[in-house]
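A quick write-up on the structure given underneath.
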Amino acid sequence: MKKLWGLADGNNFYASAERLFRPDLASKPLAILSNNDGCVIARSNEIKDLGVKMGTPEFEIREQIRNGVIVPFSSNYETYGEMHNRMMNTLSRFTPDWEIYSVDECWLLFKDFDYDMHAYGKYLVNETWRLVGIPVSIGMAPTKTLAKVANKLAKKDKTSGGSRVLLYDHEITIALAEFPVNDLWGVGYAKAKRLALMGVKTALDFRQLPGEWVKKHFTITGFRMWRELHGHPCYELEHESFNKENIATGRTFGKLLTRYNEVEEALANHAASCAAKLRRQKSVAGFVNVQVETHRFREDLPQYVNNISAKLLQPTSDTGSIVNHAIQGLKKIWREGYHYNRCGVLLMDLRDANAGQQIAIFSDHDVQKSQAVMERMDDLNRRFGKNTVKMAIQGYGKEWHLKANHLSPRYLTRVADFINLKI
DNA sequence: TCTGGGGTCCTAGGACCC
DNA sequence: TCTGGGGTCCTAGGACCC
């Protein structure tokens with residue numbers, strides 16, 4: 001059976017989402033900033049043309065922001081999340097076999113097609129633009145790795161109509177001959193460095209290496225990449241099990257913190273947020289890991305990085321229990337006299353909440369009571385906004401809170417921010 | 001002065017067992 | 001306590017992704 005992989009993704013997704021509500025910024029350079037307005041995490045084409053790279057610290061473009069050359073946005077995850085839902089909804093209409101890969105990417109598998117796939121790709125691009133308002137590109141090829149290549153080529157070639165198909169051997173070979181090996185899906189910093197030393201420049205150079213040699217020097221992951229470039233699929237559609245294996249929440253603070261109570265308050269909030277995520281996927285956690293760290297770029301200050309894991313008495317998703325265990329961990333690794341920059345909580349050893357709750361120390365009654373309280377709390381927080389109900393220890397101090405000086409309205413998710421139309 | 005956050009997969013190496 | 005190979009299980013950390 002003929003199969004073709006498609007990778008569809010939103011062009012400059014966050015920037016395009018912001019621009020949808022601000023048509024007046026149609027040709028302006030836009031920078032989307034990370035949490036805490038720390039650095040650039042998404043860019044419009046115009047700012048790429050200015051040479052602003054991914055990860056550029058905000059202070060380096062502050063002057064251009066001040067004089068209006070660059071328009072900054074703090075990350076607005078509520079709006080991006082809703083645009084994600086709409087985009088995936090639309091893309092999923094083009095084939096029954098699809099998989100969400102990231103916030104702005106979707107795999108589409110086409111089986112037994114007998115129509116012009118390039119035309120179909122262009123149709124998909126136009127329809128998504130019409131229905132969602134986000135510009136997308138699609139690349140199609142016999143494997144996921146090659147579809148990634150096709151997608152990048154679709155973006156690069158302004159005449160492609162946003163769609164590129166690599167179907168036949170000769171067109172794949174021609175494309176790979178001009179494709180930098182560093183841009184392949186699966187080549188990061190470490191592999192790029194080694195490939196450069198070997199004189200491997202293009203994806204075709206890499207594909208022409210002997211398979212056994214690749215396996216020996218680049219392990220199984222490199223070998224899979226090699227096979228995929230030859231058109232042999234190593235990655236399939238990943239349908240279900242959307243449940244995460246780990247759940248983490250961590251943030252840098254709005255400023256460096258030295259007092260225990262402030263860090264404890266931030267940590268309690270991260271732990272509570274992890275517990276809420278855990279209940280949303282109907283899991284319980286067996287281990288809580290707590291991390292603290294100082295500011296790694298501040299060479300003038302003493303550095304301290306540590307983390308600790310604690311086993312929960314019994315696997316649970318109870319906010320109180322998870323927050324308490326996290327705080328016990330923090331007390332063990334806390335050291336006075338440092339300027340802390342970040343803390344975080346990681347829940348591990350996750351399992352299905354309904355599969356065999358142990359009885360151990362708690363009676364069933366306690367478990368049921370905890371579940372009832374949590375359900376009520378989640379319900380209230382869903383209806384009236386995050387943190388309407390919370391633990392006392394989560395506090396009301398704002399010392400640790402993030403900067404977000406350029407936040408756009410939550411156009412899609414907050415009633416007060418809806419756009420009013422005058423007709 | 002100012003540099004993100006949340007994930008997965010794989011491997012090496014230690015602990016332990018026979 | 002040392003001798004030795006081979007297996008499993010677990011964890012830390014590297015590499016990569018978006």
Side-chain angles (χ1 to χ4, degrees), chain A residues 7 9-14 31-43 52-63 65-66 72-75 77 80-81 84 99-107 144-145 148 151-152 182-195 215-225 234-235 238 241-256 270 273-274 277-278 281 286-287 289 291 293-301 305-309 311 339 341-350 402-405:
Chain A
L7 178 69
D9 72 341
N11 304 339
N12 311 326
F13 184 68
Y14 291 174
I32 315 302
L33 302 172
S34 64
N35 272 327
N36 229 9
D37 293 345
C39 64
V40 176
I41 56 162
R43 303 163 296 160
V52 176
K53 302 262 179 286
M54 198 77 159
T56 301
E58 182 266 351
F59 68 86
E60 284 183 15
I61 57 168
R62 192 168 296 164
E63 188 55 26
I65 291 173
R66 203 186 52 75
F73 285 93
S74 302
S75 298
Y77 290 110
Y80 308 153
H84 162 88
E99 171 200 338
I100 293 173
Y101 179 57
S102 76
V103 69
D104 72 326
E105 291 172 290
C106 184
W107 295 110
K144 281 186 168 180
T145 303
K148 272 269 186 186
N151 177 286
K152 288 208 177 182
N182 291 358
D183 292 350
L184 284 174
W185 187 46
V187 177
Y189 178 77
K191 280 201 190 80
K193 213 164 129 188
R194 291 174 54 205
L195 288 164
K215 200 175 190 172
K216 195 173 155 205
H217 291 90
F218 289 94
T219 73
I220 188 70
T221 47
F223 185 59
R224 281 184 195 140
M225 188 168 86
C234 298
Y235 303 106
E238 289 173 25
S241 110
F242 283 122
N243 281 357
K244 309 249 188 296
E245 295 177 13
N246 299 298
I247 289 179
T249 306
R251 293 276 186 288
T252 49
F253 308 124
K255 61 178 190 187
L256 297 180
H270 297 333
S273 145
C274 276
K277 288 184 203 169
L278 192 62
Q281 70 167 43
F287 274 84
N289 177 272
Q291 318 107 40
E293 63 188 63
T294 51
H295 198 304
R296 65 180 190 280
F297 294 118
R298 287 291 297 271
E299 289 171 8
D300 54 321
L301 294 172
V305 177
N306 205 353
N307 78 92
I308 190 171
S309 290
K311 193 175 196 301
H339 292 71
N341 182 51
R342 183 194 143 91
C343 72
V345 174
L346 172 68
L347 301 182
M348 298 177 298
D349 191 22
L350 308 192
L402 303 167
K403 276 182 286 193
N405 293 330

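Given the structure is predicted, the values throughout are model-derived calculations rather than measurements. When reading the values below, keep in mind they use all heavy atoms of this one structure, side chains included, and skip hydrogens, waters and symmetry mates. Lettering follows sequence order; numbering is per chain, from 1.
Residue contacts for A:Thr219: at a heavy-atom cut-off of 4.0 Å it reaches the sugar-phosphate backbone alone, with no base atom in range. Here A:Lys148 lies in heavy-atom contact (under 4.0 Å) with sugar-phosphate atoms only. Across all strands, A:Leu33 comes closer than 4.0 Å to no nucleic acid atom at all (heavy-atom distances).
With sequence neighbours left out, the side-chain hydrogen bond (donor to acceptor under 3.5 Å, both in side chains) criterion links A:Glu63 to A:Arg66. Take A:Lys152 and apply the salt bridge (Lys or Arg N to Asp or Glu O under 4.0 Å) test, not counting sequence neighbours, and it matches no residue. For A:Phe59, there are no ring-ring contact (aromatic ring centres under 6.0 Å, His included) partners, not counting sequence neighbours. With sequence neighbours excluded, no residue satisfies side-chain hydrogen bond (donor to acceptor under 3.5 Å, both in side chains) with A:Lys403. Residues forming a side chain to side chain contact (heavy atoms under 4.5 Å, CB included) with A:Ser102 (at least two apart in sequence, or on another chain): A:Asp104, A:Glu105. For A:Phe223, the ring-ring contact (aromatic ring centres under 6.0 Å, His included) partners are A:Trp226, not counting sequence neighbours. Legend: residues meeting side-chain hydrogen bond (donor to acceptor under 3.5 Å, both in side chains) with A:Asn246, ordered by chain and number and at least two apart, are absent. Applying the side chain to side chain contact (heavy atoms under 4.5 Å, CB included) criterion to A:Arg296, with sequence neighbours excluded, gives A:Glu293, A:Gln303. The side-chain hydrogen bond (donor to acceptor under 3.5 Å, both in side chains) check on A:Asn307 picks up A:Asn289, with sequence neighbours excluded.
Of the P atoms belonging to B:dT3 and C:dC18, the separation is 25 Å, rounded to the nearest Å. For the C1' atom pair drawn from C:dC16 and B:dC2, the interatomic distance equals 28 Å after rounding to whole Å.
Spacing between atom NZ of A:Lys311 and atom C1' of C:dT11 amounts to 16 Å, rounded to whole angstrom units. Summarising the geometry, the separation between CG on A:Asn12 and P on C:dC18 is reported as 15 Å, rounded to the nearest angstrom. Whole-Å rounding puts the A:Leu7 CG to C:dC17 C1' distance at 13 Å. Atom CG in A:Asn151 sits roughly 13 Å away from atom C1' in C:dC18 (whole-Å rounding). A straight line from CD1 of A:Ile220 to C1' of B:dT11 spans 12 Å, rounded to a whole angstrom. In this entry the distance linking NE2 of A:His217 with C1' of B:dC10 reads 18 Å, nearest Å.
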Table of protein N/O atoms under 3.5 Å from nucleotides 12-16 of chain C N/O atoms:
| unit_1 | atom_1 | unit_2 | atom_2 | d |
| --- | --- | --- | --- | --- |
| C:dC16 | OP1 | A:Gly188 | N | 3.3 |
| C:dC16 | OP1 | A:Lys191 | N | 2.9 |
| C:dC16 | OP2 | A:Tyr189 | N | 3.1 |
| C:dC16 | OP2 | A:Ala190 | N | 2.7 |
| C:dC16 | O5' | A:Gly188 | N | 3.4 |

Which protein N or O atoms sit under 3.5 Å from an N or O of nucleotides 3-8 of chain B?
| unit_1 | atom_1 | unit_2 | atom_2 | d |
| --- | --- | --- | --- | --- |
| B:dT3 | OP2 | A:His295 | NE2 | 2.9 |
| B:dG4 | O4' | A:Ser34 | OG | 3.1 |
| B:dG5 | OP1 | A:Thr252 | N | 2.6 |
| B:dG5 | OP1 | A:Thr252 | OG1 | 3.1 |
| B:dG5 | OP2 | A:Arg342 | NH1 | 3.2 |
| B:dG5 | O3' | A:Arg251 | NH1 | 3.1 |
| B:dG6 | OP1 | A:Gly250 | N | 3.4 |
| B:dG6 | OP1 | A:Arg251 | NH1 | 2.6 |
| B:dG6 | OP2 | A:Gly250 | N | 2.9 |
| B:dG6 | OP2 | A:Gly250 | O | 3.0 |
| B:dG7 | OP2 | A:Ala248 | N | 2.7 |
| B:dG7 | OP2 | A:Ala248 | O | 3.4 |
| B:dT8 | OP1 | A:Glu245 | N | 3.0 |
| B:dT8 | OP2 | A:Asn246 | ND2 | 3.4 |

- Under a cut-off of 3.5 Å for both distances of each Watson-Crick or G-U pair, what dot-bracket string does DNA chain B give, using [ ] for crossing pairs and | for inter-strand pairs? ....||||||||||||||
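Applying the 4.0 Å criterion to OP1 and OP2 of B:dC9, one finds that A:Arg224 has every side-chain N and O outside that range. For the OP1/OP2 pair of B:dC2 and a distance below 4.0 Å, the side-chain nitrogens and oxygens of A:Arg298 include at least one atom meeting the criterion.
In this structure, A:Cys39 and A:Pro57 approach most closely via the heavy-atom pair CB-CA, 4.0 Å.
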- Query: Checking side chain to side chain contact (heavy atoms under 4.5 Å, CB included) for the pair A:Thr249/A:Lys277: CA distance, chi angles, key distance, verdict?
  - Reply: CA-CA 10 Å; A:Thr249 306; A:Lys277 288 184 203 169; 3.0 Å; yes
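Counting only N and O atoms by type, the side chains of A:Asn341 and A:Thr252 include no donor and acceptor under 3.5 Å apart.
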